[in-house]
Amino acid sequence: MQAAINPIAERISSISVSSTMKVSAEADRLRGEGVDVVDFGAGEPDFPTPDNIKQAAVRALEQNFTKYTAAGGTAELKKAVCERHAQDFGTSYKPNECMITVGGKHVIFNLIQALVNPGDEVVIPVPYWVTYQDVVNYAGGKCVFVNTDEAQGFTLTAAMLEPHLTAKTRLVIINSPSNPSGAVVEREEFEKIFRLTSARGIYLMTDECYCHFLYDSERFSIAALPGAKETVLVAGSLSKTSAMTGWRIGFGLVPTPIVQAMTKLQSHSTSNPCSISQKAAVEALRGPQESVGIMLAEYRKRRDFVVARLRQIPGVLCNEPQGAFYVYPNVSVAFGKSGISNTLQFAERLLSEAHVAAVPGEAFGTDQHIRISYATSMTELARGLDRIHQFIAKNS
Ligand SMILES: Cc1ncc(COP(=O)(O)O)c(C=O)c1O
């Protein structure tokens, strides 16, 4: 049989392997060889899924809720999503404006595939979460990046955004609090951004993955503004809020025609998200919410420790994250000597020599930073930061 000349479809070459997953794979490989690796790469809570949620899944199994559901999710879960969002943020979504997906990543994928035509521009603030860029490329769209200022904590303002809006802009993506920087777009600024986009008929996607993990400001959703529902697209996830990364439940709150378009796409790819996970998600949304506050209090302690510790390393700059569970220090003090000239090399050498896994800033669109996830124990944080300190001291 003759081998195919071009075995892989061209559109796959427009996307790259997720750098966060690459780091985890390499850390796993080293661990498999018996190396004691401290892993700051993983973007997931180290807390277990709360018991009441696990029990809801057990009940779903016992009741044989193990078959297909509607492709866009059960009516029960859509209702629970709308009610929780209304309670938390004062929005007024109805189940026909809601769609359930296989995790938050999947709602972002579906939304972008449903809305972006080849050549459409999608505006993305830098630093950005890795996936946006690849998913826009996959749809044939053009990413337009907006630089933010490290000295201002990487926070986005309407003034930074406005010059990048053109007749071709289809969508603006905001992720607040941000993965990787922990930056938060304050309410007033977010409202200005909304006014800019809605006046031009541009969609504004708000990735609310970390919206419950805010240290110093009140949580809000831009979708609660009067008139927002026409152009604001909420991408939500239970992964971090309810420590449910493996259960794969995300949701979209968007205009009904977009729900229909996304459901069409989903019905030909994954079909429904796991039926058992959907039952568990109903409990996560309707049951007690205390676990969120408990996790947040723990993350705050860790954030304070990590920032203070990083600032003890000569030459390292570190903004204080306002939300999520990542810090994004500038480690360029270690560039130039010992053959390190960018963060890819920094992260590779940090892993191979100091046995600490962190994600290089290149993955998020900046070239002087690494992302450290502090969703891990204080003991691991202390161990890993000691190693980072020694590694930088040796190489700067
Ligand atoms: C900014 C952001 N959005 C969305 C997601 C999607 O999360 P999941 O697909 O696990 O629900 C993540 C996960 O890391 C994220 O960091």
Side-chain angles (χ1 to χ4, degrees), residues 17-24 39-47 49 53 73 77 81 99-113 122 124-136 143 148 154-156 171-185 204-214 221 233-254 262 266 269-270 273-274 277-278 280-281 284-285 292 295 299 321-328 358-359 361 363-365 371-376:
V17 178
S18 158
S19 315
T20 44
M21 294 198 174
K22 247 196 260 179
V23 171
S24 301
D39 193 351
F40 292 158
E44 66 177 340
D46 56 321
F47 301 95
T49 305
I53 300 175
L77 180 52
V81 166
M99 150 128 201
I100 311 301
T101 56
V102 185
K105 202 174 257 189
H106 193 205
V107 71
I108 292 164
F109 183 86
N110 282 346
L111 262 176
I112 291 175
Q113 300 312 313
V122 177
I124 303 173
V126 180
Y128 47 77
W129 181 50
V130 271
T131 291
Y132 304 137
Q133 168 172 221
D134 287 303
V135 175
V136 170
C143 295
T148 56
F154 291 115
T155 190
L156 178 75
L171 177 69
V172 171
I173 299 179
I174 299 208
N175 170 220
S176 175
S178 152
N179 173 6
S181 69
V184 166
V185 179
L204 177 60
M205 185 178 96
T206 171
D207 179 346
E208 298 187 347
C209 186
Y210 301 94
C211 64
H212 294 281
F213 298 122
L214 281 169
S221 173
L233 312 170
V234 175
S237 168
L238 270 68
S239 294
K240 322 283 166 148
T241 314
S242 302
M244 290 179 75
T245 45
W247 300 72
R248 311 309 301 138
I249 295 291
F251 60 86
L253 293 167
V254 299
M262 293 198 316
Q266 184 157 303
S269 52
T270 59
C274 167
S277 296
Q278 290 192 69
L285 296 162
V292 183
M295 286 191 279
Y299 289 147
Q322 303 302 303
F325 43 67
Y326 308 102
V327 272
Y328 202 55
V359 187
F364 309 102
R371 189 194 75 175
I372 292 174
S373 164
Y374 51 87
T376 188

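When a ligand or atom number is given, it counts from 1 through the structure's own listing order. These values consider heavy atoms only, across backbone and side chains, with no hydrogens, waters or symmetry-generated copies.
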### Query
Can you name the side chain to side chain donor-acceptor pair (under 3.5 Å) partners of Gln113, sequence neighbours left out?
none
### Query
Taking C-beta and beyond as the side chain, do Pro45 and Thr245 meet within less than 4.5 Å on heavy atoms?
yes
### Task
Report yes or no: does Thr155 contribute a side-chain atom to a donor-acceptor pair with the main-chain N or O of Val184 at less than 3.5 Å?
yes
#### Entry: Parallel, tilted or perpendicular: rings of Phe213 and Phe325 (30°, 60°)
tilted
### Message
Looking at Ser373 and Ala375, would you say the former's side chain and the latter's main chain have a donor-acceptor pair under 3.5 Å?
### Response
yes
### Query
Under the 3.5 angstrom rule, does the side chain of Thr49 hit a backbone N or O of Ala243 as a donor-acceptor pair?
yes
What are the distances between nitrogen or oxygen atoms of ligand 1 and protein nitrogen or oxygen atoms, counting only those under 3.5 Å?
unit_1   : atom_1 : unit_2 : atom_2 : d
ligand 1 : 3 (N)  : Asp207 : OD1    : 3.3
ligand 1 : 3 (N)  : Asp207 : OD2    : 2.6
ligand 1 : 9 (O)  : Gly104 : N      : 3.1
ligand 1 : 9 (O)  : Lys105 : N      : 2.9
ligand 1 : 9 (O)  : Arg248 : NH2    : 2.8
ligand 1 : 10 (O) : Ser239 : OG     : 3.0
ligand 1 : 10 (O) : Arg248 : NH1    : 2.9
ligand 1 : 11 (O) : Gly104 : N      : 2.7
ligand 1 : 11 (O) : Ser237 : OG     : 2.6
ligand 1 : 11 (O) : Ser239 : OG     : 2.6
ligand 1 : 14 (O) : Lys240 : NZ     : 2.7
ligand 1 : 16 (O) : Trp129 : NE1    : 3.4
ligand 1 : 16 (O) : Asn179 : ND2    : 2.7
ligand 1 : 16 (O) : Tyr210 : OH     : 2.7

